[in-house]
Amino acid sequence: MRIATWNVNSIRTRKGRVVDYLQNADIDVLAMQEIKCKPEQFPYEEFEQAGYEVIAYGKNQWNGVAFASRLPIEEVVHDFADMPGFGKPLDDGSLPMEARALGVTIEGVRLWSLYVPNGREIDNPHYPYKLEWLAALRRSVAARRDSHPGEPLAIMGDFNIAPEDHDVWSMEFFEGRTHVTKPERDAFQAFLDDGLIDALRSRGVEGYTYWDYQQLRFPRNEGMRIDFILGTPEFDELVVDAEIARDERKGDGPSDHVPVVVELDVDTALDDDAPMIF
């Protein structure tokens with residue numbers, strides 16, 4: 001089972017490119033972030049014609065997460081427990097919830113598509129919101145592992161954190177900026193301390209996953225590694241291959257992110273060697 005995560009930066013703009021990638025790369029399950037549309041606006045037809053079922057979660061033209069799968073999708077959950085909101089308080093005093101987290105189960109594997117808040121600037125209210133959001137996610141993952149011992153689980157997506165100095169092209173450039181601050185890196189490390197494993201870095205797969213559109217960042221390879229697949233040991237035991245699909249940043253109309261991919265040793269109904277039923 002081939003699983004990818006990709007911040008597509010507007011699915012309506014890049015629907016053809018995303019579907020082509022799914023088919024060319026033989027992807028079974030794609031976790032998407034920043035779809036930038038409501039569910040009723042998602043271009044389902046193109047995916048369905050290619051054999052994929054889509055679950056989309058979006059509330060406006062910003063944020064938004066989704067899954068596309070050619071395998072059955074089960075146990076769909078929007079948001080996670082105690083996920084904080086952000087923005088102008090509602091009439092009841094609560095903060096609006098953003099469409100940043102979508103959980104599904106596919107072939108017995110629990111998967112989350114996550115679009116972690118950016119943080120904007122260190123002195124911006126979005127920064128403590130980001131840290132609070134990550135802390136709540138950590139608690140939610142721990143609770144799921146407690147209630148479903150032995151279940152393969154992975155949290156995937158755009159974490160908006162570069163956990164190591166070499167995950168950005170210039171630490172000097174990022175001095176005083178978000179994505180590389182100690183509290184953000186500590187929040188990322190907390191997942192690893194809890195036993196989650198970076199499915200790519202643990203296998204020696206290095207490289208950037210994001211290059212800004214501005215100032216020729218991609219031709220200069222001035223990128224960042226901010227997209228990850230973090231799995232439980234039960235998930236990691238299933239991983240047989242991993243890659244960063246860097247070439248997807250090339251060509252016409254690319255997203256500023258590229259897919260991050262793992263292949264799992266999981267038997268599915270799509271396997272070529274599956275037994276025939278008469």
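Position 1 is the first residue of the sequence, and the numbers go up from there. Both backbone and side-chain heavy atoms feed into the values below; hydrogens, waters and symmetry mates do not.
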- Message: Which heavy atom of P39 sits nearest to which heavy atom of G58, and what is that distance?
- Response: CD-O, 3.1 Å
- Task: Please report the closest heavy-atom contact between G108 and E151, naming both atoms and the distance.
- Result: O-CG, 4.2 Å
- Check whether the ring centres of Y213 and F218 lie less than 6.0 Å apart, and answer yes or no. no
- Task: Taking the side chain as every heavy atom from C-beta outward, state whether L111 and V29 have any atom pair closer than 4.5 Å.
- Result: yes
- Only one of V258, I27, D247 forms a side chain to side chain contact (heavy atoms under 4.5 Å, CB included) with Y21, so which one is it? I27
- In Å, rounded to the nearest 0.5 Å, how long is the span from CE of M156 to CG of L102? 10.0 Å
- Message: Using every non-hydrogen atom in the two residues, find where N160 and H179 come nearest and quote the distance to one decimal.
- Response: OD1-NE2, 3.0 Å
- Item | Donor on one side chain, acceptor on other, E184 and T178, under 3.5 Å | no
- Message: I want to check something: taking the side chain as every heavy atom from C-beta on, are W112 and V104 in contact at a cut-off of under 4.5 Å?
- Response: no
- According to a 4.5 Å side-chain heavy-atom criterion applied to Ile, Leu, Val, Met, Phe, Trp and Tyr, with indirect links allowed, do V180 and F188 form part of one hydrophobic cluster? no
- Task: Look at D158 together with R100 and state whether they make a salt bridge at an N to O cut-off of under 4.0 Å.
- Result: no
- Message: Just verifying a value: how many Å separate R145 CZ and S140 OG, rounded to the nearest 0.5 Å?
- Response: 12.0 Å
- Task: Considering non-hydrogen atoms only, spot the tightest contact between L153 and F235 and give its length.
- Result: O-CB, 3.5 Å
- D92, CG atom: more than 12 neighbouring heavy atoms under 6.0 Å: yes
- Return yes if some donor-acceptor pair links the side-chain N/O of N124 with the main-chain N/O of R120 below 3.5 Å, else return no. no
- What orientation do F42 and Y44 show, parallel under 30°, tilted 30 to 60°, or perpendicular over 60°? tilted
- Item | Atom NZ of K38: over 12 foreign heavy atoms under 6.0 Å | no
- Is the shortest heavy-atom distance from the side chain of I197 to the side chain of L230 under 4.5 Å? no
- Query: Between D227 and T209, is any side-chain donor less than 3.5 angstrom from a side-chain acceptor?
  - Reply: yes
- Query: Once you round to the nearest 0.5 Å, how far does CG of L137 lie from CD of E132?
  - Reply: 12.5 Å
- Query: Taking all non-hydrogen atoms of both residues, which atom of S69 and which atom of I106 are closest, and how far apart?
  - Reply: OG-CD1, 3.7 Å
- Message: Looking only at the side chains, is there a donor atom on one of E46 and Y52 sitting less than 3.5 Å from an acceptor on the other?
- Response: no
- Under 3.5 Å, is there a donor-acceptor pair between the Q33 and S113 side chains? yes
- Using the six-membered ring of F173, assess whether NZ or CZ of R177 lies under 6.0 Å from its centre and within 45 degrees of the ring axis. yes
- Matching residue for W211 among H257, R220, R249 - test: side chain to side chain contact (heavy atoms under 4.5 Å, CB included): R249
- Query: Is atom CD of Q189 surrounded by more than 12 heavy atoms (other residues, nucleotides or ligands) closer than 6.0 Å?
  - Reply: yes
- Reported CG-to-CD distance for the pair D79 and E98, which is rounded to 0.5 angstrom: 10.5 Å
- For I155 and R110, what are the C-alpha separation, side-chain angles and deciding distance, and is it a side chain to side chain contact (heavy atoms under 4.5 Å, CB included)? CA-CA 9 Å; I155 55 175; R110 188 64 176 164; over 6 Å; no
- Query: Distance under 6.0 Å and angle within 45° of the ring axis: does R225 meet both against Y208?
  - Reply: no
- Take R2 and D28 through the test salt bridge (Lys or Arg N to Asp or Glu O under 4.0 Å) and record every step on the way to the result. CA-CA 5 Å; R2 285 175 58 79; D28 297 306; over 6 Å; no
- Query: Has the side chain of R138 got a donor or acceptor atom that lies under 3.5 Å from a matching backbone atom of W133?
  - Reply: no
- Message: Quick one, E222 and Q215 - any side-chain contact, counting heavy atoms below 4.5 Å?
- Response: no
- Task: Indicate yes or no: at least one non-hydrogen side-chain atom of F191 is less than 4.5 angstrom from one of L134.
- Result: yes
- Between D236, D241, D198, which is the residue that forms a salt bridge (charged side-chain N to carboxylate O under 4.0 Å, His left out) with R203? D236
- Message: So I11 and P43, do their side chains get closer than 4.5 Å, heavy atoms only?
- Response: yes
- Query: Do P254 and E248 come within less than 4.5 Å of each other through their side chains, counting heavy atoms only?
  - Reply: no
- Message: Can you confirm if the aromatic rings of W62 and Y115 lie within a centre distance of less than 6.0 Å?
- Response: no
- Item | Exercise: identify the closest heavy-atom pair between V19 and A50 | CG1-CB, 3.8 Å
- Under 3.5 Å, is there a donor-acceptor pair between the side chain of R185 and the main chain of E164? yes
- Message: Is it true that, when you exclude E175 itself, more than 12 heavy atoms of the residues, nucleotides or ligands shown sit nearer than 6.0 Å to its CD?
- Response: no
- Give the intermediate values and the outcome of salt bridge (Lys or Arg N to Asp or Glu O under 4.0 Å) for residues E206 and R201. CA-CA 6 Å; E206 295 289 346; R201 179 157 283 158; 3.2 Å; yes
- Message: Is it true that S255 and R14 share a donor-acceptor pair across their side chains at a distance under 3.5 Å?
- Response: no
- Query: Would a 4.5 Å heavy-atom cut-off, applied to side chains only, mark L200 and V262 as touching?
  - Reply: yes
- Query: Under 3.5 Å, side chain of K36 to main-chain N/O of Q61, donor-acceptor pair present?
  - Reply: no
- Item | salt bridge (Lys or Arg N to Asp or Glu O under 4.0 Å) assessment of E75 paired with R144 | CA-CA 13 Å; E75 198 182 352; R144 177 74 183 196; 2.7 Å; yes
- Greater than 12 external heavy atoms within 6.0 Å of E40's CD: yes
